[in-house]
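Just below is one structure, and these are the notes that go with it.
It should be emphasised that the depicted structure is a prediction, and the values quoted were computed from it without experimental measurement. Throughout, a chain's letter reflects where its sequence line sits, starting with A, and its residues are numbered from 1.
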Amino acid sequence: MEMTRTIKYEADRVKGFGEEVMSVPGCEELKDCIQCGTCSGVCPLSIYMDFTPRQVMEMTRFDFKNEVLGSKTIWLCASCYACTVECPRQIKITDIMYELKQRAIKEKVYPRGLPTPVLAQEFTKMVHDYGRVNEILLATKMYMKTNPFAAMGMAPLGLGMIKTGRFSMIQEKIRGRADLARMLETVDEGK
Amino acid sequence: MKYSYYPGCSLKGQGRAYEESLLPVMRHLGIELEELPDWNCCGATAYMAVDEGKACVAASRNLAIAEKAGLQQVLAPCSACYLVLNKTQHLIHDYPHIKSTVDRAMASVNLKYSTDIPVRHPLDVLISDVGMDAIKQKVTHPLKGLKVAPYYGCQIVRPYATFDDQFNPTSMDRILEALGATVVQFPLKTKCCGGSLTGTLPEAGLRLSYIILKEAIKRGADVIATVCPLCLFNLDSFHGKIAAKWESTRIPTVYFSQLMGLAFGMTAKQMGLQRGLVPMKPLASAPACCAARTAAAAS
């Protein structure tokens with residue numbers, strides 16, 4: 001019978017990860033976390049998370065990089081900021097979740113098959129190319145890339161959107177899209 | 001005063017009834033709105049998840065355009081736009097590395113970001129600049145007997161509480177009361193609707209919408225009033241799925257601006273009420289022609 005170790009050794013952690021995150025402006029207060037669990041209590045989505053927000057805070061601080069960046073938790077955060085305004089230590093938890101999402105995308109370690117990071121990246125491409133987002137085209141792209149069958153389940157809703165005059169497949173474009181693209185590219189050049 | 005109107009993508013897309021109702025209502029109250037020229041998407045919650053620097057650059061282009069046009073105030077009706085534009089200003093202000101990223105991007109296209117133009121929500125403008133008396137004076141068709149659940153959603157009061165209380169906002173409650181409606185006690189007024197999770201992870205997102213709908217019905221509301229195109233979409237679009245999973249929660253959700261227009265004597269059609277998937281019942285106080293049109297739109 002194959003046995004697996006369920007407790008992590010210190011050597012399994014990615015040393016320096018916590019320090020690195022806490023050095024990012026806006027994430028510094030993470031060092032003050034008292035593990036009270038208020039964030040997990042007020043989070044409307046913690047019941048679906050693999051690690052609660054409180055656990056993510058502690059795991060980030062103590063270098064559990066692979067577990068945190070590969071978690072579903074960070075992609076279940078809907079940015080409602082309930083944790084941020086309730087935290088007794090003024091930790092910007094939503095912003096830390098954003099920081100972790102950015103790192104997971106940069107290192108391509110987010111869980112496969114999870115539509116949220118796919119949607120986020122398609123969204124940024126649309127903004128870069130056209131300057132505006134068409135919600136119907138964006139949702140279609142996301143479904144095609146993640147779960148084309150789910151798109152069929154959305155057909156009645158699509159019909160409802162057509163009936164109520166809210167359905168459009170026309171991609172709006174801004175005049176200054178070359179300027180916007182240029183501006184966005186300066187960010188990569190500055191890194 | 002003249003405001004620069006930043007519609008955002010939703011108000012030109014699936015949330016167009018918000019624009020259709022808000023613009024005539026504001027005009028009726030003497031507020032002049034001029035659409036920001038060549039505005040781009042604010043980035044919503046998605047861009048910040050991919051690249052914070054780029055998210056700030058995209059959002060700040062709009063603020064720089066407003067500045068160049070000499071406009072004093074920006075009006076952002078969508079909750080995500082309102083938060084992102086405000087948050088971008090906070091980040092530019094607080095973090096030198098964000099400021100230099102934005103400055104570099106601006107310089108590459110001869111734009112400049114030098115002042116923090118106030119970015120305001122229509123509720124803020126209505127209660128602070130227009131005032132309750134001016135709103136009351138315009139009410140010709142009071143919404144008598146209409147029980148409304150005021151639903152604010154998350155992002156206009158969190159994380160920044162600029163014009164209303166963070167935990168128990170009342171600006172919309174007061175406006176609805178001024179229209180003659182009965183505002184029901186609604187403790188879930190700032191609870192999250194699920195945001196984009198209703199599309200990406202429906203098993204989690206839909207529950208949040210269901211909880212809000214269920215509570216509004218339990219509180220005896222006839223209709224839910226909202227301030228956000230995504231909140232309205234979530235609360236209006238998934239009744240079939242919610243009924244299949246839990247129970248039927250068919251209650252209409254409308255924009256607060258649509259109710260304002262009805263109380264000001266505008267027709268249901270003018271207010272875009274036919275764009276809701278769960279139609280609102282015609283009001284007893286509505287003019288005969290208007291009630292007929294609402295009924296026609298509902299059938």
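When the candidates B:Cys154, B:Gly276, B:Cys9 are compared by the number of heavy-atom contacts under 4.5 Å with chain A, B:Cys9 comes out ahead. No other option in B:Cys192, B:Ser108, B:Gly13 has as many heavy-atom pairs under 4.5 Å with chain A as B:Ser108. Comparing A:Gln102, A:Met142, A:Arg182 by heavy-atom pairs within less than 4.5 Å of chain B, the highest count is held by A:Gln102. Counting heavy-atom pairs closer than 4.5 Å to chain B, the top residue among A:Gly26, A:Ala178, A:Ala139 is A:Gly26. No other option in A:Asn147, A:Thr84, A:Thr116 has as many heavy-atom pairs under 4.5 Å with chain B as A:Thr116. Per-residue counts of heavy-atom pairs under 4.5 Å with chain A were compared for B:Gly195, B:Ser196, B:Gly43, B:Ala17; the largest is that of B:Gly43. Residue with the most contacts toward chain B among A:Val127, A:Leu100, A:Thr94: A:Val127 (heavy-atom pairs, distance under 4.5 Å).
Judged by distance alone, the side chain of A:Tyr48 and the main-chain N or O of B:Gly205 form no donor-acceptor pair under 3.5 Å. Between the side chain of B:Asp38 and the backbone N or O of A:Arg175, at least one donor-acceptor pair lies under 3.5 Å. At least one donor-acceptor pair under 3.5 Å links the side chain of A:Arg132 to the backbone N or O of B:Trp39. In this structure, the side chain of B:Arg16 engages the main chain of A:Gly165 through a donor-acceptor pair within 3.5 Å.
Annotation for A:Glu172 and B:Lys12: closest pair OE2-CB, 3.8 Å, computed over non-hydrogen atoms. Considering all non-hydrogen atoms of both residues, A:Pro44 and B:Leu208 come closest at O-CD2, 3.6 Å. Heavy atoms only, all atoms of each residue included: B:Ala49 and A:Ile105 are closest at O-CD1, 3.8 Å. Among all heavy-atom pairs drawn from B:Arg158 and A:Ala82, the shortest one is NE-N, 3.5 Å. The shortest non-hydrogen separation linking A:Thr164 to B:Arg275 is O-NH1, 2.9 Å. When all heavy atoms of A:Val85 and B:Pro159 are compared, the pair lying nearest together is CG1-CA, 3.8 Å.
Salt-bridge annotation for A:Lys106 and B:Asp51: absent, with no side-chain N of the basic residue lying under 4.0 Å from a carboxylate O of the acidic one.
Only the side chain of A:Tyr143 comes within less than 4.5 Å of a heavy atom of chain B; its backbone N, CA, C and O stay farther away. Within the 4.5 angstrom heavy-atom criterion, no atom of B:Asn62 approaches chain A. For A:Asn134, no part lies under 4.5 angstrom from a heavy atom of chain B. Only the side chain of A:Leu114 comes within less than 4.5 Å of a heavy atom of chain B; its backbone N, CA, C and O stay farther away. Looking at B:Tyr95, only its side chain comes within 4.5 Å of chain A, counting heavy atoms on both sides. Interface remark: B:Arg104 contributes backbone and side-chain atoms alike to the contact with chain A (heavy atom separation under 4.5 Å). When heavy atoms are compared at a cutoff of 4.5 Å, B:Leu83 approaches chain A solely by way of its side chain, counted from C-beta outward. Heavy-atom distances place the side chain of A:Glu86, and not its backbone, under 4.5 Å from chain B. In this structure, chain A has a heavy atom under 4.5 Å from the side chain of B:Gln155, while its backbone stays farther away. Contacts between A:Ile174 and chain B at a heavy-atom distance below 4.5 Å involve backbone atoms as well as side-chain atoms. In this structure, chain B has a heavy atom under 4.5 Å from the side chain of A:Ser168, while its backbone stays farther away. Using a 4.5 Å cut-off between heavy atoms, B:Gln14 touches chain A through backbone and side chain atoms alike.
Side chains of A:Met161 and B:Ser237 form a contact here, defined as non-hydrogen atoms less than 4.5 Å apart. You'll find the side chain of A:Val42 stays beyond 4.5 Å of the side chain of B:Lys191, heavy atoms only. Side-chain atoms of A:Leu180 and B:Val109, non-hydrogen and from C-beta on, never get closer than 4.5 Å to each other. Side chains of B:Thr200 and A:Trp75 form no contact here, defined as non-hydrogen atoms less than 4.5 Å apart. A 4.5 Å side-chain heavy-atom check between B:Thr45 and A:Phe123 finds every atom pair outside the cut-off. By the 4.5 Å heavy-atom criterion applied to side chains, B:Lys54 and A:Asp188 are counted as neighbours. The shortest side-chain heavy-atom distance between B:Gln166 and A:Tyr81 does not fall under the 4.5 Å cut-off. Between A:Ile47 and B:Arg207 there is a side-chain heavy-atom pair separated by less than 4.5 Å.
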Next on the checklist: As a quick check of understanding, evaluate side chain to side chain contact (heavy atoms under 4.5 Å, CB included) for B:Tyr47 and A:Val133, giving each step before the final call.
Outcome noted: CA-CA 12 Å; B:Tyr47 222 130; A:Val133 166; over 6 Å; no
Checklist entry - Would A:Met154 and B:Lys241 count as a side chain to side chain contact (heavy atoms under 4.5 Å, CB included) if you check the C-alpha gap in whole Å, the side-chain angles of each, and the deciding distance to 0.1 Å? => result CA-CA 10 Å; A:Met154 299 303 274; B:Lys241 289 190 177 181; 3.4 Å; yes
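Sparse packing is recorded around NZ of A:Lys145, with 12 or fewer heavy atoms of other residues, nucleotides or ligands lying under 6.0 Å away. Summarising the local packing, CD of B:Glu35 is surrounded by more than 12 heavy atoms from other residues, nucleotides or ligands at distances under 6.0 Å. The number of heavy atoms from other shown groups lying within 6.0 Å of CD (A:Glu189) is above 12. Within a 6.0 Å radius of NZ in A:Lys191, other residues, nucleotides and ligands contribute more than 12 heavy atoms. Heavy atoms of other residues, nucleotides or ligands lying less than 6.0 angstrom from NE2 of B:His93 number 12 at most.
One finds the CG atom of B:Leu277 at 10.5 Å from the CG atom of A:Leu159 (value rounded to the nearest 0.5 Å). The CG atom of A:Leu45 sits 9.0 Å away from atom CG of B:Leu201, with the distance rounded to the nearest 0.5 Å.
Between the side chains of A:Glu135 and B:Ser10, at least one donor N or O lies within less than 3.5 Å of an accepting N or O.
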